[in-house]
Asker: 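Next up is a structure, given as structure tokens.
The analysis underlying the following values was restricted to heavy atoms, covering all of them including side chains, and did not include hydrogens, waters or symmetry mates. Everything numeric in this text was worked out from a predicted model, so none of it was measured.
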2 protein chains.
Amino acid sequence: MEKGKNGPDSRGRPPAPNGTAGGADKEGACGVQCADCTLDAICKLLDYANGGSAVPDGVLLRERPVARGETIFRIEDPFRSIFAVKSGSFKTLIPEAGGREQVVGFYLPGELLGAEGVTGGAYPCTARALESSRICELRMERLPETGRPLEALQQGLIEILGREVAFGHALMASLIRQSAEQRIAAFILNLSRRLERRGLAGRVFVLTMSRADMGSYLGLASETVSRVLARFQKAGVLTLQKKQVQVHAPERLADIANL
Amino acid sequence: MEKGKNGPDSRGRPPAPNGTAGGADKEGACGVQCADCTLDAICKLLDYANGGSAVPDGVLLRERPVARGETIFRIEDPFRSIFAVKSGSFKTLIPEAGGREQVVGFYLPGELLGAEGVTGGAYPCTARALESSRICELRMERLPETGRPLEALQQGLIEILGREVAFGHALMASLIRQSAEQRIAAFILNLSRRLERRGLAGRVFVLTMSRADMGSYLGLASETVSRVLARFQKAGVLTLQKKQVQVHAPERLADIANL
DNA sequence: CGCGGGGTTGACGCACATCAAAGAGAGTGG
DNA sequence: CCACTCTCTTTGATGTGCGTCAACCCCGCG
């Protein structure tokens, strides 16, 4: 359980209208620095890290705000860009019969979105913001304009995709065959670790997605998610008030998840 | 219809083999030509396709035989090579608590094994032959010796990994939340299509893995796999004798799987 | 103030895991 | 060539985790 994709972010305030002009809020506390972003290696390569770039405009778009509920790409859209989450959180989903949607991933600050579309020319899923967020966009189709050697860029991509694949395997192993308690324990723990890896708070954070989203992702009914979380709270493993979780005993979660 | 799980692309990694019937494994009739192998683009690039290669020996090892039950790489082994299945079939697995093992993938002729290890420097799972098989091995660490531009090789890798990721998503969507019948129908159908894509027989083939392996992969008990297959047979959707399956009504399978 | 969506909680039933036992090959040894 | 063992498969009986249905609560919003 570990690698990849799912999760919320650690912030706490749901929706700010639009562009919380950063300051008065804790918005600052919940994003990642470039140094903690997965896209950083590529940004640096493009000389974007220090601003004085000779690269044409429009190849890398920095820090665009995205409103809660906004869709940044839709399934079947032609593949254009890879996105890095700078703050906030996203889910990816696949439409299902009957108008339902299956959540296939959650993305936290510092993680990359859309790399799955690099093959096949189209995105295999839809990506939607769970709260008001900020993203960087790397327009793949315009990379050749930069005149940079592609080799290092490709190397970066390979790293990213390789991690996704390995994570996917581990994830499958943890979902299939596990009880509801095990899945949810692993999920919470996973979120916690991913946040900490980026230098964010991993013991106290906000579950930005709905119980139904979690359930869809974990293959459980939202009622079950609710019940299990209540059980965890009763057992003193964590505390939750509304969407905010505080993890008291990560080791007990690990134990439940049988890691 | 609900989740479409395999859609247009359908690559993947489930299981199955094809092959030889009967008791001894002869793998003659069930292999793929180089033209149908995923590694082919890279082989060609190395001039291996036509034999007259200036590339140092030992970079690409061709057609090594592998005995049933043999392990070609183990979890945590340092990453060295990517393997292409030329004939036979493999499973990949992750050890679980309690000595059990979780099957995370099946690999058929023409498919690639081990690409997941390209990141992180180690294989994230163990790969074992389900029957006596043949593989080609591409030693990644020695690629630089070839003096070839890496760009095209990398491009190939990106394609491969991208497909894996997309497939993983679709797979998750199809496993989570589906009934035993749906999972098994989708599984059989997936095998069938993957075989056909490589020019092998997709209506009659051999399930080289055990029911327990299938169950592990699909998140079901082996008894359930057995029962469901029997039910399918009774319904006239397929016939099975021993490990050999004959699919009579792929469209009914698709219907059950709700594709 | 009334409406609607998300969350919690309870009752009920079913699909599937688990336990158990018997049958079918396949490999081994005498 | 025939017992013997071991593994894999099948089939039956029993139990239970969690999905489904339904009611209710809480909160934000128009």
Asker: Mind checking side-chain hydrogen bond (donor to acceptor under 3.5 Å, both in side chains) for B/Ser222 and listing every partner two or more places apart, or none if nothing turns up?
Answerer: none
Asker: What's the closest nucleotide to the side chain of B/Ser226 if the choices are D/dG19, D/dT9, C/dC16?
Answerer: D/dT9
Asker: Nearest whole angstrom, please: distance from the C1' of C/dG6 to the CD of A/Gln241.
Answerer: 18 Å
Asker: Nearest to the side chain of B/Arg211 - D/dT9, C/dA17, C/dG7?
Answerer: D/dT9
Asker: Taking side-chain hydrogen bond (donor to acceptor under 3.5 Å, both in side chains) as the definition, give me every residue that meets it alongside B/Arg64, ordered by chain and number, with sequence neighbours left out.
Answerer: B/Glu137
Asker: Kindly write out the residues that satisfy side-chain hydrogen bond (donor to acceptor under 3.5 Å, both in side chains) with A/Glu63, not counting sequence neighbours, or none if the list is empty.
Answerer: A/Arg134
Asker: Using the side-chain heavy atoms of B/Ala221, tell me which of these nucleotides is nearest: C/dA17, D/dT9, C/dT8.
Answerer: C/dA17
Asker: At what distance, to the nearest 0.5 angstrom, does OH of B/Tyr107 lie from CD1 of B/Ile135?
Answerer: 13.5 Å
Asker: To the nearest angstrom, how far is B/Met214 atom CE from D/dT9 atom P?
Answerer: 7 Å
Asker: Scan nucleotides 22-30 of chain D nucleotide by nucleotide, 5' to 3', and note B when protein non-hydrogen atoms come under 4.0 Å of the base, S if they reach only the sugar-phosphate, - if neither.
Answerer: B--------
Asker: Base, sugar-phosphate, or nothing: which does B/Ser179 touch, judged by heavy atoms less than 4.0 Å apart?
Answerer: sugar-phosphate
Asker: Looking at residues at least two apart in the chain, or sitting in another chain, which of them share a ring-ring contact (aromatic ring centres under 6.0 Å, His included) with A/Tyr123?
Answerer: A/Phe73, A/Phe79
Asker: Quick one: is C/dC16 close enough that its OP1 or OP2 comes under 4.0 Å of any side-chain N or O from B/Arg227?
Answerer: no
Asker: Find the distance A/Lys234:NZ to C/dT9:C1' and express it as a whole number of Å.
Answerer: 10 Å
Asker: Tell me whether B/Glu131 is salt-bridged to B/Lys243, with the criterion being a basic N under 4.0 Å from an acidic carboxylate O.
Answerer: no
Asker: Hey, what bend do you get for the helix from C/dC1-D/dG30 to C/dG30-D/dC1 if you fit axes on five pairs at each end, rounded to 10°?
Answerer: 40°
Asker: Any base atoms under 4.0 Å from B/Gly215, or only sugar-phosphate, or nothing? Heavy atoms, all strands.
Answerer: nothing
Asker: Using atom CZ of B/Arg231 as one end and atom C1' of D/dT9 as the other, report the distance to the nearest whole Å.
Answerer: 16 Å
Asker: Among residues at least two apart in sequence or on other chains, which ones pass side-chain hydrogen bond (donor to acceptor under 3.5 Å, both in side chains) with B/Thr38?
Answerer: B/Arg198
Asker: For D/dC8 and B/Lys243 - does any side-chain N or O of the residue sit under 4.0 Å from the phosphate oxygens OP1/OP2?
Answerer: no
Asker: Taking only residues two or more places apart in sequence or in another chain, which ones pass salt bridge (charged side-chain N to carboxylate O under 4.0 Å, His left out) with B/Lys91?
Answerer: B/Asp213
Asker: Rounded to whole angstrom units, what separation is found between the CD1 atom of B/Ile184 and the C1' atom of C/dA15?
Answerer: 13 Å
Asker: Tell me the salt bridge (Lys or Arg N to Asp or Glu O under 4.0 Å) pairs involving residues 180-191 of chain A, sequence neighbours left out?
Answerer: A/Glu181-A/Arg231
Asker: Starting at atom CG of A/Asp213, determine the distance to atom C1' of C/dG7, rounded to an integer number of angstrom.
Answerer: 13 Å
Asker: Looking at A/Thr224, does any N or O in its side chain come under 4.0 Å of the phosphate oxygens OP1/OP2 on D/dG19?
Answerer: yes
Asker: When rounded to the nearest 0.5 angstrom, what distance separates CG in B/Leu189 from CG in B/Leu238?
Answerer: 11.0 Å
Asker: Could you state the CG-P distance from A/Leu130 to C/dG6, rounded to the nearest angstrom?
Answerer: 13 Å
Asker: Which whole-number value in Å describes the distance from B/Arg177 CZ to D/dT20 P?
Answerer: 7 Å
